[in-house]
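Chain letters run A, B, ... following the sequence lines, proteins first and then strands; every chain starts at 1.
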Amino acid sequence: MRSPSLLSAGWGVAIVALHGCTPKSVSLDGLDSADSGTPVTPLPAIHVTGGALDPLRGTECPLDVTAANGSTVRLTIADGAGTVLRTLADGTTMLDATSWDGRDAAGVLAPVGTYSVKAELLDLEGAVLASAASSFYIVRVGVIGGTLGGTLGDGPARVPMIWHRGNNVPGNYWLEDGDDPTFQIEAIDDGSTATALPALWEDLDAPPETHVGWVLPAAYPYDATPSLGLEIDGAFGAAAVQLTVAGWGAAQNVAPGDLAQYTSDAQVATGPSVVEQDLTLSWTVDTGDGGAPVTVGTQTLPLRLYALLRAPEFEMEGLPYAPWVAAIDPALRALDGVEGTDDAVTAALTEWVYRDFGLAYDTQYGASAYTAYAGRGYNNAEFDFTGFLDRTNGSTVNCSDCASILEAYADMLGADLKYTIILRNYDLNYIKAIGGEDYTHCPFGAGGCGFSYHAVTTSNDAATIYDATLALDGDEDPGSGPFTELLVQNIDGAEYLERLVMSGTATYNFTQKESLR
Amino acid sequence: MMLAFIQMISAALAGDIHSGIPVHQPDLGEPAFQSAANGWTAPLANGQGFVRVFVGRDEAQAADWFIRTREAFTLRLPDYPILNVGTGVDEAAGDGVGALLLRDGNVGVMVRAEDETALAIAVSLQARIVDGVLGLSMPTMQRVEDGWSLVAPGAVYTQPHGGGNIPLTLVGRGSPLSWVVRPESITVWDAYGRATIVR
């Protein structure tokens, strides 16, 4: 390979490195960079490395050229027919850098295809001493849609979700099914500008009127492994194009029309939470010269994944029995960091409802603002969750409401709860009702020191109780002060009654699921 | 004379089966339709409470609603003297200050008013009971190209149960009348709060 005869003739050496959009500069100073300090014999040769460019996504592909000893370089781009489209350098001395922006001499974008780049080393009289050529690809790349999926165990992992208020009309439910598109765009570009991937749909109540132009959130059990199917679009010509989704497996060879499947390297989350991340989609082209693939463009896909405890725990099917976006979004943000167990999730929800919802117990009558019973004897509780989310009937509630609220949130997050009714007509020990500041055993004033009934929630037929309506006195004497706040989070059912009831008979009844609207 | 007697008897009998109460009232907020078993609810326009209104097919349904609604109060509501409410009231409970529950034939009204106007609001709503308006002709479901559509002239609100996903293209077109998946049933309300279940 080495030609001492030419070296002795005093010819300089230039290497033209054309390497995608990543500058590769080679400075020839007579030293072998791999063996620094050792004089080597430079070659009177010229090398060109192939490249690729999506002019609508990339900027330009730099071509770094260094020539020595007064040598000059000519650098041209030609189409497949050999017609020179662009001369980037013509006898320039010590050409430090130039680049191709994918346009011809008239500034017109070169169409998708294979081009040749030719580099020539000239002597001082313009004679060609050496030349080299390589292929260069112009491509258009992009995804035109995508669908989140994935499996957990033997079934699909993605959980359908509901937007409950289309056009501000309650009951205008829209169910985003587990295989609905996550995003779509009309086209990857408009001919002159690449289309950015859509923004997240932020409305928690109403769905968009079309999938096009938005990225919809998706819900999973937190321990599921999501997948993402991407619809490949564009025009690649003869280029070998790969798409990589950072953190979602290896690069894949793709072609327009493909549905490329990627699987996340990790489960959705380590516990119930909201996961928001920007996925980086990197498009690369293998130029076939043995070098690393060159990047021709990147896209950013914003994702919001709701990491549930597990699939929802409703007994009824159909609408509206799926997680409501308006419910799980704030709930999961409030639960961030909570352990992924039923008890931990339900306990955290109980405290969240009790402390943070701004609700107050109806200390005049104990009226229910959002719950009604469709059957006699507290059967078939109907919870107006739509109304509650908007607080249409205000923020003054009773135990039926608090049980309904807690059950609805828990079931949507995947923690199974039912309401149960404690009957009937008993006097109370000291309690601190939701929204209250003081302990009392007469929540309705001097004439009202008992409950005709009390609604609470349970996951195990009243063996243990969760109650967001009130806090108990947790010390040894719940019938008098001082008071030790005890939130009702998985308290033994018998102990709960002992702490709640001062006198009278109290028993659990009507343990069942509520219905929602 | 016989005709007048028959008309009087008819009026008396018909008096217990009212058409309902118009669901849109100037002193109430937007109605929220709950279920055929529990009627509709609306906040007071001043934000100081809310009402529940039920229109049954007969008195027995309303009497059942009265019991269930009364039981949902944690503090047992006392009986309220019906003579202090107004004519036509069959039963009443509450104190008439912050809460009042009454039944007039097949119509039930519950008021929870934090501004202590429960009696006035309940009486006012009772006075707005309408008689003699025909109910909806039976709504029907029809197969359409993209799913199912409900034909229900006069309906003011529909609530699907089971299935009933709306087409995304119809989001934002008002109360749903078309669904991709045929609902198992649909509750349809008219302007007087009468609910009809279509299966």
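Only the side chain of B/Leu77 has a heavy atom closer than 4.5 Å to any heavy atom of chain A. Using a 4.5 Å cut-off between heavy atoms, A/Ser515 does not touch chain B at all. With a threshold of 4.5 angstrom between heavy atoms, A/Arg424 approaches chain B through side-chain atoms but not through N, CA, C or O. Heavy atoms closer than 4.5 Å to chain A are found in the side chain of B/Gln159, but not in its backbone. Heavy atoms of A/Tyr453 lying under 4.5 Å from chain B belong to its backbone as well as its side chain. Contact annotation for B/Ala36: neither backbone nor side-chain heavy atoms come within less than 4.5 Å of a heavy atom of chain A. Heavy-atom distances place no part of A/Ala455 under 4.5 Å from chain B, backbone and side chain included.
You'll find the side chain of B/Arg52 reaches within 4.5 Å of the side chain of A/Ser368, heavy atoms only. Within the 4.5 Å cutoff, no side-chain heavy atoms of A/Glu317 are placed close to those of B/Glu184. Counting only heavy atoms from C-beta outward, the side chains of B/Thr74 and A/Tyr361 approach each other to under 4.5 Å. The side-chain heavy atoms of A/Asp362 and B/Arg112, taken from C-beta on, include a pair separated by under 4.5 Å.
The backbone N or O of B/Asn38 lies less than 3.5 Å from no partner atom in the side chain of A/Tyr373, so there is not a single donor-acceptor pair. When atom types are taken as modelled, the side chain of A/Arg517 and the backbone of B/Phe33 share a donor-acceptor pair closer than 3.5 angstrom. Checking side-chain atoms of B/Asp64 against main-chain N and O of A/Ala374 turns up no donor-acceptor pair under 3.5 Å.
Residue B/Arg143 places its CZ atom among more than 12 non-hydrogen atoms of other residues, nucleotides or ligands, all under 6.0 Å distant. Within 6.0 Å of atom CZ in B/Arg128, more than 12 heavy atoms from other residues, nucleotides or ligands are found, so the atom counts as buried in its surroundings. Within 6.0 Å of the CD atom in A/Glu202, the count of heavy atoms belonging to other residues, nucleotides or ligands exceeds 12. In the displayed structure, B/Tyr192 atom OH is contacted under 6.0 Å by at most 12 heavy atoms of other residues, nucleotides or ligands.
Note: B/Phe73 CZ to A/Gln364 CD = 11.0 Å, rounded to the nearest 0.5 Å. The structure places CZ of A/Phe383 at 10.5 Å from CD of B/Gln34, a figure rounded to the nearest 0.5 Å. In this structure, CZ in B/Phe50 is found 9.0 Å from OG1 in A/Thr396, a value given to the nearest 0.5 Å.
In terms of non-hydrogen atom pairs under 4.5 Å with chain A, the most contact-rich of B/Gly98, B/Ala42, B/Gly49 is B/Gly98. Per-residue counts of heavy-atom pairs under 4.5 Å with chain B were compared for A/Ser452, A/Pro320, A/Gly387, A/Ala372; the largest is that of A/Ser452. Of the listed residues B/Gly47, B/Ala72, B/Ala32, the one with more heavy-atom pairs under 4.5 angstrom with chain A than any other is B/Ala72.
Checking B/Thr41 against A/Asn393 by side-chain atom types alone, a donor-acceptor pair falls below 3.5 Å. Judged by distance alone, the side chains of A/Tyr365 and B/Asp95 do bring a donor and an acceptor atom under 3.5 Å apart.
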